[in-house]
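Following: one structure in structure tokens, then a few remarks.
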Amino acid sequence: MTAEPADFLRVRFAPSPTGYLHIGGARTVLFNWLLARKHGGTFILRIEDTDQARHVEDSVGKILDDLRWLGLLWDEGPEVGGSYGPYFQSQRLATYENHARQLLETGQAYYSFETPEELAAMREKARAQKRVRSYVRPEPVPAVEQGLAAKAAGRSVVVRLKMPYEDIAVVDDILGTVTVAAEQHEDFVIVKSDGFPTYHFACVVDDELMKITHVLRGQEHLMNTPKHIALQRALGFSTPRYAHLPVIFNIDGSKMSKRDKEKAIKSGLPPPEIDVHDFRVAGYLPEAVLNFIALLGWAPGDDREQFTLEELAAAFTIERVGRTNARFDREKLLSFNTTWAAKLAPDRVLAAFKAFLTCTTNPPPKMRHADDDMLACVLRLCAGFRTFADVVKKSGFLFAADADVVVDEQARRKVLDKNECAGFDILAFLLPRLEAATDWSAAALEALLQAACEEKQVKIGAVAQPLRVAVSGSTISPGIGQTVALLGRERTIARIRRCLASRV
RNA sequence: GCCCCCAUCGUCUAGAGGCCUAGGACACCGGCUUUUCACGCCGGCGACAGGGGUUCGAAUCCCCUUGGGGGUGCCA
């Protein structure tokens, strides 16, 4: 038996720390992770923090946290280390410098001094002349000594790669072969004036040094790939296999950008979920999110739609990744979440619910600190729920102080005030009977309500609804018998009394 | 502008020349269940962007048009 070498398949996810993990990024991680998992390869996490201006405080921590929530753990990278570290690009500057020097010394790269204004003028001119390429390589190219001197003199200096004048073919496992013509290439910056490498340069150097074999990334990188290939050739590196994933949009076709979120917040609309963190806080299960995003751009080929991470890893192949952009349908995600919440083991749902309670801002404090038995009970009573946020909405009143139960205006009108306060009358009728009840079990209470219906000659709704509104403040709650049983006699009576006192 | 990618129900997709009077899921509509919300069950509506080829035969192959998207940064 011939064993595969340990690192025959190495993939990476390389986010830049500019905020939370985007849902599109999550799908990229997932596909990389699945590929590694399927083939027994290695999944590497690398932080591309080469843009000092865009760096957002603590965003690495947030990204790691979201990845852990999803259950997509990395084999090498921050916190876990590995043999090819460091895994932060900002800690690898010397490495990039060495490679840049090599390129400079072999004449494959050169120093360049144009000002932003000059570059803008070049761009404008190129557009007017309908050319793709805007940067014009100086002839001859400045000598290394000239560049060093300019730098010493305080001028803004970058390093550019001399792009070869030849067609470059990108062999893509999803898209096929994409060839970019020689005249399309231009000398691009590999080292910025602040001495940091650009994305292209750091990425190529690290992929080589970290022995990355497969690059799975978003389609927005497709046109970068010829640059990367040119860099690899100049440095004598090997070229990994490439696969570019289709893009994910909002349901209306707009981009799922952070800007959308900010815009919505500004105009007072509920912000759309676009970061993994948003879905966490909104009460989704990672199982559902993962399952749903897996199906954005990938399909098993049969009618199966429900997959655990393990099942995905077994079924996943790059060949079955599609080429068409997808829209993110929140309704379908909601449906997936409902399904997962119902089919997952109660223990798992409880654990996820507790995690939700610690990260969301809404729940009544007492709910957050309730014991497992109580929370498990609530989860049972809310069976069929769509998100954890719904569970809180439906059962939060169980954890509120009696004085904090405020009757919703609409509920009051519809259930209590209507028909000359029939609802209040029912409550007044119910009160002594509940006070006198000897058995406070859900079944006994249901029976008590049934008896009240018969006595008053009304349907069960006419009795259950006023009681529901009195104890919960709204028309939404778990089954009334169980709700009242769980609430207990004392609190139930107190709430009915408070409600009756509010009658005008 | 220029370069590149893409194109099946409203949405995610199955479909790799005859198995397709195009299958599934979500949404939607109708019904059932029902003390609220949700769940659940049954049924229905609904697509091969348009035009040319190739072929005995095309959703599937080729070309054009149209539409959508990406790139065109000292961002990644």
Side-chain angles (χ1 to χ4, degrees), chain A residues 14-16 18 48-51 53-54 112 114 116 119-120 123 126-134 156-160 170 172 174-176 178-181 183-184 186 188-194 196-200 202-203 217-224 226 244 246-247 249 251 253 255 292 295-306 322-336 338-339 341-342 382-386 390-391 393-394 411 415 446 449-450 453 459-469 472 474-481 483:
Chain A
S16 59
T18 56
E48 310 218 323
D49 51 352
T50 56
D51 185 356
R54 287 213 311 161
S112 165
E114 289 79 10
L119 291 173
R123 241 168 258 140
R127 205 183 161 90
Q129 292 175 184
K130 302 193 174 191
R131 281 186 289 113
V132 203
R133 224 169 12 162
S134 69
S156 185
V157 175
V158 299
V159 179
R160 285 180 190 266
V170 177
D172 187 288
I174 294 169
L175 264 14
V178 178
T179 304
V180 178
E183 57 272 20
Q184 309 294 330
E186 73 178 349
F188 61 96
V189 176
I190 60 174
V191 181
K192 302 186 248 186
S193 56
D194 63 3
F196 276 69
T198 58
Y199 157 70
H200 306 294
C203 172
R217 48 161 48 155
Q219 228 173 67
E220 63 271 18
H221 287 295
L222 181 59
M223 289 298 103
N224 290 332
H244 290 91
V247 185
F249 297 101
I251 193 69
K255 279 194 215 180
F292 178 72
L295 263 15
L296 255 29
W298 174 84
D302 53 34
D303 287 340
R304 280 183 304 163
E305 283 211 315
Q306 305 293 326
R323 296 178 304 269
T324 63
N325 295 161
R327 295 181 183 206
F328 194 97
D329 185 352
R330 285 177 176 72
E331 292 295 337
K332 186 152 181 167
L333 203 218
L334 212 43
S335 164
F336 269 54
T338 307
T339 304
C382 292
F385 66 87
R386 290 165 84 66
D390 290 347
V391 174
K393 206 185 297 170
K394 190 168 172 174
V415 178
E446 292 275 358
L449 295 183
Q450 282 297 345
C453 286
K459 285 190 192 163
I460 184 72
V463 173
Q465 283 303 77
L467 183 53
R468 190 188 311 282
V469 171
S472 78
S474 84
T475 54
I476 299 170
S477 89
I480 193 66
T483 295

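These values consider heavy atoms only, across backbone and side chains, with no hydrogens, waters or symmetry-generated copies. In what follows, chains carry the letters A, B, and so on, assigned in the order in which the sequence lines appear, proteins first and then strands, with residues in each chain numbered from 1. For clarity, every value in this text was computed on a predicted model and none was experimentally measured.
The partner of C75(B) cannot be assigned: no Watson-Crick or G-U wobble pair with both contacts below 3.5 Å exists in any strand. Remark: A47(B) base-pairs with no nucleotide in the shown strands. Criterion, Watson-Crick or G-U wobble with two distances under 3.5 Å. The partner of C39(B) cannot be assigned: no Watson-Crick or G-U wobble pair with both contacts below 3.5 Å exists in any strand. Both distances falling under 3.5 Å, in either a Watson-Crick or a G-U wobble arrangement, place C56(B) opposite G18(B). Look at G67(B): its Watson-Crick or wobble partner, with both distances under 3.5 angstrom, is C6(B).
R127(A) comes within 4.0 angstrom of a base, heavy atoms only. Across all strands, E114(A) comes closer than 4.0 Å to base atoms (heavy-atom distances). At the heavy-atom level, H221(A) lies under 4.0 Å from base atoms of the strands shown. If you check every strand for non-hydrogen atoms under 4.0 Å, Q129(A) touches nothing. Residue S16(A) is in sugar-phosphate contact alone, with no base atom involved, counting any heavy-atom pair closer than 4.0 Å across all strands shown. As judged by a 4.0 angstrom heavy-atom cut-off over every strand, P246(A) is placed among residues making no nucleic acid contact. Within 4.0 Å of A383(A), counting heavy atoms only, lies at least one base atom of the nucleic acid. Within 4.0 Å (heavy atoms only), G297(A) reaches sugar-phosphate atoms of the nucleic acid but no base atom. At the heavy-atom level, R327(A) lies under 4.0 Å from the strands shown only through sugar-phosphate atoms. Using a 4.0 Å heavy-atom cutoff across all strands shown, K130(A) reaches sugar-phosphate atoms only and no base atom. As judged by a 4.0 angstrom heavy-atom cut-off over every strand, V158(A) is placed among the base-contacting residues.
Comparing G24(B), A76(B), U13(B) against the side chain of D303(A) picks out G24(B) as the nearest. Of the candidates A76(B), C4(B), U35(B), C4(B) carries the atom nearest the L222(A) side chain, counting heavy atoms from C-beta on. Each of G23(B), C4(B), C6(B) was ranked by its minimum atom distance to the side chain of V178(A); first place goes to C4(B). Looking at the side chain of T50(A), the nearest of the listed nucleotides A76(B), C5(B), U36(B) is A76(B). Here the nucleotide nearest the side chain of I460(A), chosen from A27(B), A25(B), U35(B), is U35(B). If you check G70(B), G23(B), A25(B) against the side chain of K332(A), the one that comes closest is A25(B). Nearest nucleotide to the side chain of E331(A), out of G24(B), C26(B), C74(B): C26(B).
Side-chain N or O atoms of E48(A) include none that pairs as donor or acceptor with a backbone N or O of C203(A) at under 3.5 Å. Using a distance-only test at 3.5 Å, with no hydrogens or angles considered, no donor-acceptor pair links the side chain of K393(A) to the main chain of I476(A).
Across every non-hydrogen atom of T475(A) and R468(A), the tightest pair is O-CD, 3.2 Å.
The gap from the C1' atom of A58(B) to that of G53(B) amounts to 12 Å, rounded to the nearest Å. Across G23(B) and G31(B), the matching C1' atoms stand 25 Å from one another, rounded to whole Å. Taking atom C1' on both nucleotides, G46(B) is separated from A22(B) by 12 Å, rounded to a whole Å. Rounded to a whole angstrom, the distance from the C1' atom of U60(B) to that of C19(B) is 14 Å.
Side chain R123(A) to base U72(B): no donor-acceptor pair is found below 3.5 Å. Looking at S193(A), its side chain comes within 3.5 Å of the base of C74(B) through a donor and an acceptor atom.
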Problem - Stepwise salt bridge (charged side-chain N to carboxylate O under 4.0 Å, His left out) test for D329(A) and K332(A) - result: CA-CA 6 Å; D329(A) 185 352; K332(A) 186 152 181 167; over 6 Å; no
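Rounding to whole angstrom units, CD of residue Q219(A) and P of G68(B) are separated by 17 Å. The CG-P distance, from L333(A) to U11(B), rounds to 17 Å in whole Å. The distance from atom CZ of F196(A) to atom P of A76(B) is 10 Å, rounded to the nearest whole Å.
Between S134(A) and U72(B), a side-chain N or O to OP1/OP2 separation shorter than 4.0 Å is absent. Between K192(A) and G73(B) there is no side-chain polar atom (N or O) within less than 4.0 angstrom of OP1 or OP2. Remark: R386(A) is in phosphate contact with C39(B), judged by side-chain N or O atoms under 4.0 Å from OP1 or OP2.
A side-chain N or O of S112(A) and one of R160(A) form a donor-acceptor pair less than 3.5 Å apart.
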